[in-house]
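Okay, so here's the structure we're looking at.
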Amino acid sequence: MNERIVKLPFFENLLNLAVLALLGLLCAFPIVHTLALSFSSASAAASGRVAIWPVEFTTQAYQFVLENPAFIKSFGISIARVLVGAPLNMLLTILVAYPLSRSKAEFRARDFFAWFFLLTVLFSGGLIPWYMVIRQTGLIDKFWALIIPGALPVFNVILLANSFRSIPKELEEAAAMDGAGHWTILFRVLLPLSWPILATLTLFVTVAHWNSWFDGLILMNSPDKYPLQSYLQTVVINPDPRMLTERDLALLQLISNRTTRAAQIFIAMVPILLVYPFLQRYFTAGVKLGAIKG
Amino acid sequence: MLLRKKLSREIPLFVMLTPAVVLVLVYAYAPMVGIVMAFQRVLPGKGIFGSPWVGLDNFAFILRMPNILQVLWNTIRIAGLKAAAGVVVPVTVALMLNNVTSQAFKRTVQTIIYLPHFLSWVILAGIFIDILSPSEGVVNHILGLVGIPPIFFLGNDKVFPWTMVVTDVWKSFGFGAIVYLAALTDIDPTLYEAAVMDGASRRQQTRHITLPGISGTIIMLSTLSLGNILNAGFDQIFNLYSPLVYRTGDIIDTLVYRIGIANYQYGVATAVGLFKSVVSLLLIGIAYKLAAKWADYRIF
């Protein structure tokens, strides 16, 4: 740990701390405010009396949201896409990172494949051809459209390959001496030594799947197949009157649209807040590894 | 013989790559072939093999669109402002965090400012649409307390680009600071010791040790952001804009979406997308060359 030798003079130090605290508050305020709104009464929300604490505490908005079958269904689809999509992301990442982490002597086609994958990050066919290919492969309106087309996160492959390469060669050589093949080296030598980066990447792909909204929005024709973020996009951000049922319309007369929006937003944030402590423990190391290696 | 042995040793590597190669061929390379649609009048149900060729008609159509230069300028302006703010703010915050001696305070601030990075623009748009609303939003409520009339942050086309820059900085500055903070902790502490011996003031230390110590990282990241100059942030703008602010807020990606997905003009939308991909690729190429030269950066 490197600590600056000279401490800041008293007032400069105070100012430094005050500005940082203010930045922290600026980041926390919108989130805390949303939480407070979601637990406030409709009239308190409408009259602008809510700041960072619920006014006229009520769970009405949450009851309304959690009784809405469309919301629950999309929540389930999002959970499913994380549970299926994230492990698949990790499997493919590992299977590609290993060959790319070999030396050229060991894998003569290494550079070819490295560029083969890297090129897809640098250049793409664009939105429309991508959409057409997904349609041609019969995935439109299918759950697998949310999983298959993005199953290989190339950026994560780069991070993991670099991480594999930083593991001392002697360990692999010793294993190879004992007759271990590539599969054994990957699964018995490299992966057990790589769990911090694997944890980081797993959390990254989990968050990415949870947060994806655009694919659901354009690849699903029927809103009952939307994952949660696509559902919120059409209900909260870009309300489409066709999405509202008569029950919604009747209930919205009674309770505030504003508090239910806040409740839905907050529920969608909960899974992120749950993994965040684990995420934070690992991502700093992961980001350093990727951004300023060597 | 040796060659065959070597090849058999490489076979498992090809096996490992096969599923990903198939996937990437279908969902990344096949769409590149689909770029030919930029030169076709794409008919519904005919696809790229049955649609008639129209040469450069789609590009001519784009050039005749009255707002095309405006959209290009909006994109570059918003992306450029974001890139600049995306270096200045994180560097400043990293320097400030590096001055904090209390580890508990430092960790608390970091925990809070990293969080927005992990929230989607759908969630954040939901939050910002509410707090920035001119009638009931808490931000205008606070401004009202000090006598400032309500500002329509998302509906006034003069304010909208700045709202995009500020909310983008809000989401990403904390996470952006991580890399600079890491670079700061890599600075050799004996440099500071020597400077103190020589009687260097704090400001002189910052100027002559700290900033040069992280300049490599700053140059590298700002150069690489050049490749993103046509990415003004689709997720953010799509969720926050409205026809009220098209004049200053419409960007290439949102235009492609409206032409292609909403209006089914596949040929034209593909042409716009192709233009963007080609320019981006050129800029990325230049950026990586410069980053390799100035900051000795390599991807692999």
Side-chain angles (χ1 to χ4, degrees), chain A residues 2 4-8 16 19-20 23-24 27-28 30 33-34 48 92 95-96 98-99 102 107 113-114 117 120 122-130 132-133 137 149 151-152 158 181-183 207 211 213 218 229 232-233 236-237 258 261 265 268-269 272 276 279-280 284 287-288 291-292, chain B residues 10 12-13 16-17 19-20 23-24 26-28 30-32 34-35 37 93 96 99 101 105 109 111-116 118-120 122-123 125-127 130-131 136 138 141 174 178-179 182-183 185 187 189 192-193 196 202 217 239 256 260-261 266 269-270 273-274 277 281 284 299-300:
Chain A
N2 151 22
R4 294 290 292 262
I5 308 300
V6 185
K7 283 189 187 166
L8 282 178
N16 190 44
V19 173
L20 283 173
L23 285 177
C27 282
H33 177 68
T34 305
L92 287 174
L95 289 181
V96 175
Y98 179 79
R102 301 299 87 196
F107 185 33
F113 283 106
F117 291 111
T120 65
L122 304 178
F123 188 79
S124 77
L127 176 65
I128 305 299
W130 176 80
M132 301 286 259
V133 167
T137 48
L152 182 74
I158 297 172
H182 286 299
W183 291 98
V207 171
N211 280 343
W213 57 277
I218 67 166
Q229 304 269 346
L232 288 183
Q233 211 281 333
V236 176
I237 312 297
R258 203 170 165 209
R261 274 198 314 246
I265 288 165
M269 245 192 286
I272 301 285
Y276 186 61
L279 196 57
Q280 209 209 345
T284 320
V287 168
K288 280 181 203 168
I292 41 172
Chain B
E10 285 180 8
L13 301 174
M16 288 180 191
L17 288 172
L23 192 80
V24 166
V26 174
Y27 291 106
M32 292 186 202
I35 285 173
M37 283 191 293
V93 171
M96 292 175 71
N99 281 329
T101 41
F105 179 85
V109 171
T111 303
I112 297 170
I113 65 176
Y114 294 164
L115 178 63
F118 295 99
L119 301 174
S120 76
V122 168
I123 288 180
I127 293 177
D130 186 272
I131 67 172
E136 50 186 14
V138 68
H141 192 75
I178 293 180
V179 182
T185 52
I187 296 176
Y192 291 112
E193 285 165 26
V196 172
R202 230 200 127 72
T217 311
N239 283 310
V256 170
I261 302 291
Y266 291 148
T270 306
L274 175 61
S277 294
L281 182 66
I284 292 169
I299 322 169
F300 277 109

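In this text the structure is predicted, and so the values were computed from the model without any measurement. Chain letters run A, B, ... following the sequence lines, proteins first and then strands; every chain starts at 1. For the numbers below, each heavy atom of this structure counts, side chains included, while hydrogens, waters and symmetry mates do not.
Residues Thr137(A) and Tyr27(B) bring a donor and an acceptor atom of their side chains to less than 3.5 Å of each other.
No side-chain donor-acceptor contact under 3.5 Å links Tyr266(B) to the backbone of Ile128(A).
Only the side chain of Val109(B) comes within contact range of chain A, judged by heavy atoms closer than 4.5 Å. In this structure, chain B has heavy atoms under 4.5 Å from both the backbone and the side chain of His182(A). Both the backbone and the side chain of Val96(A) come within contact range of chain B, judged by heavy atoms closer than 4.5 Å. With a threshold of 4.5 angstrom between heavy atoms, Tyr98(A) approaches chain B through side-chain atoms but not through N, CA, C or O. If you measure heavy-atom distances from Met96(B) to chain A, the contacts under 4.5 Å come from both the backbone and the side chain. When heavy atoms are compared at a cutoff of 4.5 Å, Trp183(A) approaches chain B by way of both its backbone and its side chain. Interface residue Leu232(A): backbone and side-chain heavy atoms are both found under 4.5 Å from chain B. For Leu119(B), the parts lying near chain A are the backbone and the side chain together; criterion is any non-hydrogen pair under 4.5 Å. Heavy atoms closer than 4.5 Å to chain B are found in the side chain of Leu127(A), but not in its backbone.
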side-chain contact (heavy atoms from CB on, under 4.5 Å) evaluation trace for Met132(A) with Met37(B):
CA-CA 10 Å; Met132(A) 301 286 259; Met37(B) 283 191 293; 3.5 Å; yes
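For the atom pair CD1 of Ile261(B) and CD1 of Ile218(A), the computed distance is 4.5 Å after rounding to the nearest 0.5 Å. If you take SG on Cys27(A) and CD1 on Ile113(B), they are separated by 6.5 Å, rounding to the nearest 0.5 Å. To the nearest 0.5 Å, atoms CG (Leu13(B)) and CZ (Phe113(A)) are separated by 9.5 Å.
Between Tyr114(B) and Leu279(A), every side-chain heavy-atom pair lies at or beyond the 4.5 Å cut-off. Taking 4.5 Å as the limit, some side-chain heavy atom of Phe117(A) sits within range of a side-chain heavy atom of Leu17(B). Contact of the Phe105(B) side chain with the Leu20(A) side chain is registered, since non-hydrogen atoms from C-beta on lie closer than 4.5 Å. Under the 4.5 Å side-chain criterion, counting only non-hydrogen atoms from C-beta, Thr34(A) is not in contact with Asp130(B).
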